[in-house]
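Note that these values count all heavy atoms, side chains included, but never hydrogens, waters or copies made by symmetry. So that the names make sense, note that chain A is the first sequence line, chain B the second, and so on, each numbered from 1.
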Amino acid sequence: MSSIENMLRDALISALKKMDMEVSSLPQIDLSKSKQKGHGDLASNIALMLASQKKENPRALAESIIQHLELPDDVSKVDVAGPGFINFTFHPNVHYQTLRQVLKEGSNYGRSDWGKGQKTQVEFVSANPTGPLTIGHGRQAVLGDTVSRLLEATGHDVTREYYFNDAGRQMRVLGESVQLRFQELIGESVDFPDDYYQGDYIVEIARKGLEEKSETFKDDEDLIYFRNLAETEIFDLIKSTLVRLGIHFDVFFNEKSLYESGKIKAVLQTLRDKDLAYDQDGAVWFRTTKFGMEQDRVIVKSTGEPTYRLPDIAYHKEKMDRGFDRIIDIFGADHIATYPDVLAGMQALGYDSSKVQVLIHQFVTLTEGKEKMKMSTRKANFVTLDELMDEVGEDVTRYFFLNRSMSSHLNFDLTLAKTQSDENPVYYVQYAHARICSILRKAEEQGIPVDSDPDLSLLQTPEEMDLIKTLREFPSIVTEATRQFEPHRLPGYLEELATVYHRFQHGGRQDESLRVLTSDIEIAQARLALCRATQIVLANGLKILGISRPEKM
RNA sequence: GCCCCCGUAGCUCAGUUGGAUAGAGCAUCGGAUUUCUAAUCCGAGGGUCACAGGUUCGAAUCCUGUCGGGGGUACCA
């Protein structure tokens, strides 16, 4: 955050003091970028806020504030507009200074260290290995990875973690599904139940099994064999899909290890000791009502098998014990009811549950033309992430999932996605980057010397100034996107930046004097510096999104 | 029944803790090119911000209710 905002804030406060205002009861002074051109560089609604508090006319109040205001040197103009906004216009030097900063910081521009030293864990995907990753998983995978990248860009120490369970009923059914397909392959006639895994990939795995096994006896040992085979094969598949998407996990955490290390039992015992767990109807209940919930919840079924809550709580305790300062869980909307139990569990065990931040994203609904499809791994009516990437490419896939806010349903029209791949805004952004690379190459070919300290004050056209002002926003876009966990702000910003750049460069088509490589060498050098700065910001932004930065298109 | 998310242009979606004339892309229509990459630019049309009340200087945004879509409300995860 550049200090000009702070200087203005201080100036406003001292102006208000002069007016005998109660500074302590002041609403927070909001200084935000003016929404429209002609309204200056920053706008404050302080007069409007105070007017409502004091029941005074906001415009008159704004005028009065201005009269008492001592402007910092870098602010060249101040005026009152609309219902009572105070608009500030910067001296152009502020903008040239921004440009120098971008060029100096290079790939660090936009990065910050406000998360310095914060050990942060991000858990996402966490799909059990029962089938290939689908478009539904894709949204979470890309969101989780990008949230992680944002956290890294703001200085956090991030661990990406994938939690899975290979011991449950799902996995048993999976193993049996493979076994049945195997029996078919060796010529036995089998009855394949409707609610078993229908996908072709099951047959593929069974075929793999045929390479090392020639018969099956339907005993437990066989079942374990097929279950394990399925798990390794499917996990390989999942990992290769993730690699393709540019996602690397630091830790794959197996739920089973919580049982083996006795941590599940220990949690249960602790809850019992604290009288937060009790027996009833043959099951063990967790007193969630103690933590403000409507009813208690079962944590161990009467069969003796824990419900998902118990291992989830034990897992989060494990995370806490590993010393993370922040724990971020990314879940689909179907898990919305489960996390309060986990948070209650943390409180019950004496941990600070505010360290856990749960991000819920809405579902992907898949349509093909007008058909609405309900995705189900079991029934094998899904589109895999790999198929999507084959069709539209990795960059489009990532962008598609990132361009929308988590809280809105993502309507995925397959036919549209295919035809739209040419029109996808990601190309628009990448093209701006490629165009800059091209122009820089051209400058080199023409032998224009690189001036490390060009006269930036030669940049004066509205297009040039717009571009610089847009570059100036980047760091706060990154920090806000991180703070609010809203990755979609970044693609929106990059599209805006690309637009402003394209407009700038387009000007040169009609008018030679507006070209970057214009005959006036000094102007050319100043514009080349502007191009380099834009390239830096586009590249830094795309990198955070995990999208490639082509030098040619 | 109760709880959570969503409802904004023909379509897909933005809209910063309540602020200035509600925006963008796609689609449609009209213009610009012997290009520093037309994967570009400029312009036009297109809106009862689901509906009805309320809060106030000001509401797409906050509150209440209704309708519609999705998800939950398990001794499934």
Side-chain angles (χ1 to χ4, degrees), chain A residues 27-28 30 32-36 39 43 45 48-49 51-52 55-59 81-85 87 126 128 165 168-170 281-285 294-295 297-309 311-312 332-338 360-363 365 400 403-413 416 419-420 422-432 434-443 445-446 476-477 480-481 484 486 488-489 491-492 495-496 498-499 501-510 512 514-518 524 527-528 531 552-553:
Chain A
Q28 201 193 340
D30 176 66
S32 57
K33 186 205 161 208
S34 310
K35 281 187 182 164
Q36 290 178 43
H39 285 155
N45 65 349
L48 292 161
M49 302 288 282
S52 65
K55 308 266 179 225
E56 286 180 38
N57 181 320
R59 267 201 83 103
F85 287 97
N87 292 332
S126 296
N128 288 337
N165 170 20
R169 205 192 68 244
Q170 277 184 355
D281 306 329
V284 184
W285 297 69
E294 285 179 14
Q295 49 183 312
R297 300 289 187 181
V298 170
I299 47 177
V300 181
K301 299 185 232 175
S302 51
T303 60
E305 206 182 343
T307 66
Y308 64 88
R309 291 185 187 93
D312 272 7
D334 55 340
H335 282 65
I336 200 153
T338 71
I360 301 286
H361 66 87
Q362 294 300 310
F363 276 168
T365 47
F400 200 98
N403 201 16
R404 295 153 164 78
S405 68
M406 285 188 213
S407 61
S408 74
H409 296 109
L410 198 161
N411 197 344
F412 201 111
D413 188 329
L416 200 68
T419 54
Q420 235 189 12
D422 281 350
E423 309 290 340
N424 196 296
V426 70
Y427 292 120
Y428 181 82
V429 176
Q430 289 180 315
Y431 180 55
R435 256 184 134 181
I436 295 172
C437 292
S438 166
I439 217 166
L440 295 177
R441 279 194 300 269
K442 198 136 245 167
E445 279 165 29
Q446 294 184 9
S476 65
I477 296 287
E480 278 311 294
Q484 311 285 343
E486 291 182 341
H488 74 276
R489 292 183 186 219
E495 284 176 41
E496 166 73 14
T499 298
Y501 178 78
H502 282 309
R503 194 180 295 143
F504 156 73
Q505 183 171 342
H506 195 83
R509 307 189 75 134
Q510 312 285 352
E512 197 278 339
L514 292 177
R515 291 160 82 92
V516 173
L517 305 179
T518 188
R527 287 183 183 154
L528 282 167
C531 287
K552 281 181 186 167
M553 282 176 82

Query raised in the report: For A:A333, which contact category applies under a 4.0 Å heavy-atom criterion: base, sugar-phosphate, or nothing?
Result: sugar-phosphate
Query raised in the report: To the nearest angstrom, how far is A:I477 atom CD1 from B:U16 atom C1'?
Result: 9 Å
Query raised in the report: Do A:V426 and A:F400 have side-chain heavy atoms sitting under 4.5 Å apart?
Result: no
Query raised in the report: Could you give the CD1-to-C1' distance, from A:I360 to B:G71, as a whole number of Å?
Result: 10 Å
Requested in this report: For B:C42 and B:A24, measure between their P atoms and round to the nearest Å.
Outcome: 11 Å
Query raised in the report: Do the side-chain N or O atoms of A:K301 get closer than 4.0 angstrom to the phosphate oxygens (OP1, OP2) of B:A74?
Result: no
Query raised in the report: If you measure from the C1' atom in B:C26 to the same atom in B:U56, how many Å do you get, rounded?
Result: 39 Å
Query raised in the report: For A:A43 and A:R169, take the nucleotide of RNA chain B holding the closest heavy atom to each; which residue's nucleotide lies nearer the 5' end?
Result: A:A43
Query raised in the report: If we only count heavy atoms from C-beta on, is the A:E495 to A:V429 side-chain gap below 4.5 Å?
Result: yes
Query raised in the report: When all nucleic acid strands are considered with a 4.0 Å heavy-atom cut-off, which category describes A:H409: base, sugar-phosphate, or nothing?
Result: base
**Report entry** B:C36 and B:A20, which share atom name P, separated by this distance in whole Å
**Finding:** 41 Å
Requested in this report: Mind calculating the distance between CZ (A:R404) and P (B:C26) to the nearest angstrom?
Outcome: 14 Å
Requested in this report: Pick base, sugar-phosphate or nothing for A:Q505, based on heavy-atom distances below 4.0 Å to the nucleic acid.
Outcome: base
Query raised in the report: For A:H488, which residues count as a ring-ring contact (aromatic ring centres under 6.0 Å, His included) partner, sequence neighbours excluded?
Result: none
Report task. Report which part of the nucleic acid A:Y428 touches: base, sugar-phosphate, or nothing (heavy-atom distance under 4.0 Å, all strands). Result -> sugar-phosphate
Requested in this report: Please state the C1' separation for the pair B:U64 and B:C57 - nearest whole angstrom.
Outcome: 23 Å
Query raised in the report: If you look at every strand shown and take non-hydrogen atoms under 4.0 Å, does A:D334 touch a base, only sugar-phosphate, or nothing?
Result: base
Requested in this report: Please work out if A:L528 contacts a base, only the sugar-phosphate, or nothing of the nucleic acid, heavy-atom cut-off 4.0 Å.
Outcome: nothing
Requested in this report: Could you measure between the two P atoms, the one in B:C29 and the one in B:U8, and give it in whole Å?
Outcome: 25 Å
Query raised in the report: Base, sugar-phosphate, or nothing: which does A:S407 touch, judged by heavy atoms less than 4.0 Å apart?
Result: sugar-phosphate
Requested in this report: Please measure how far the P atom in B:G47 lies from the corresponding atom in B:G68, and state the result in whole Å.
Outcome: 26 Å
Query raised in the report: How would you label the contact of A:G492 with the nucleic acid (heavy atoms, under 4.0 Å): base, sugar-phosphate, or nothing?
Result: nothing
Report task. Look up atom CG in A:N165 and atom CG in A:D312, then write down how far apart they are to the nearest 0.5 Å. Result -> 10.0 Å
Query raised in the report: Rounded to whole angstroms, how far apart are CD on A:Q295 and C1' on B:G72?
Result: 12 Å
Requested in this report: Determine the stems involving RNA chain B; a stem requires 3 or more consecutive pairs of the Watson-Crick or G-U wobble kind, each with both distances below 3.5 Å, and the answer is none if no such run exists.
Outcome: B:1-7 with B:67-73, B:10-13 with B:23-26, B:28-32 with B:40-44, B:50-54 with B:62-66
Report summary line: Those residues at least two apart in sequence (or on a different chain) that pass ring-ring contact (aromatic ring centres under 6.0 Å, His included) with A:Y308 are none
Query raised in the report: Between the base of B:A20 and the side chain of A:N87, is there a donor-acceptor distance below 3.5 Å?
Result: yes
Query raised in the report: How do A:S302 and A:Q446 order along RNA chain B: which one's closest nucleotide is nearer the 5' end?
Result: A:Q446
**Report entry** Between CD on residue A:Q295 and CH2 on residue A:W285, distance to nearest 0.5 Å
**Finding:** 7.5 Å
Query - A:T338 side chain to A:R309 backbone, donor-acceptor under 3.5 Å - result: no
Query raised in the report: CD of A:E294: more than 12 outside heavy atoms within 6.0 angstrom?
Result: no
Query raised in the report: A:Y308 OH to B:G72 P: how many Å, rounded?
Result: 11 Å
Report task. Kindly say if A:Y427 contacts the phosphate of B:G25, meaning a side-chain N or O under 4.0 Å from OP1 or OP2. Result -> no
Query raised in the report: Does OP1 or OP2 of B:C42 have a side-chain N or O of A:R503 closer than 4.0 Å?
Result: yes
Query raised in the report: To the nearest angstrom, how far is A:Q510 atom CD from B:G43 atom P?
Result: 13 Å
Query raised in the report: Base, sugar-phosphate, or nothing for A:A337, non-hydrogen atoms under 4.0 angstrom?
Result: sugar-phosphate
Report task. Give one of base, sugar-phosphate or nothing for A:L410, where a contact means two heavy atoms less than 4.0 Å apart. Result -> sugar-phosphate
Query raised in the report: Out of B:A77, B:A20, B:G72, which has the shortest distance to the side chain of A:I336?
Result: B:G72
**Report entry** Over 12 foreign heavy atoms within 6.0 Å of CZ, A:R441
**Finding:** yes
Query - Between B:A27 and B:C63 - C1' atom distance, rounded Å - result: 38 Å
Query raised in the report: Got a second to check how far A:Q505's CD is from A:S438's OG, nearest 0.5 Å?
Result: 7.5 Å
Query - Whole angstrom value for the distance that separates P of B:A14 from CZ of A:F400 - result: 12 Å
Query raised in the report: Between the side chain of A:R489 and the main-chain N/O of A:I477, is any donor-acceptor distance below 3.5 Å?
Result: no
Query raised in the report: Base, sugar-phosphate, or nothing for A:S408, non-hydrogen atoms under 4.0 angstrom?
Result: sugar-phosphate
Query raised in the report: Roughly how far apart, to the nearest Å, are B:A59 and B:A52 at atom P?
Result: 15 Å
Report task. Scan A:N165 against the nucleic acid and name what it touches under 4.0 Å (heavy atoms): base, sugar-phosphate only, or nothing. Result -> nothing
Report task. Report which part of the nucleic acid A:A432 touches: base, sugar-phosphate, or nothing (heavy-atom distance under 4.0 Å, all strands). Result -> nothing
Query raised in the report: Under 4.0 Å between a side-chain N or O of A:H506 and OP1 or OP2 of B:U33?
Result: no
Report summary line: A:Q362 atom CD is separated from B:G7 atom P, nearest whole Å, by 10 Å
Report task. Using a heavy-atom cut-off of under 4.0 Å over every strand shown, decide if A:A443 touches base, sugar-phosphate, or nothing. Result -> nothing
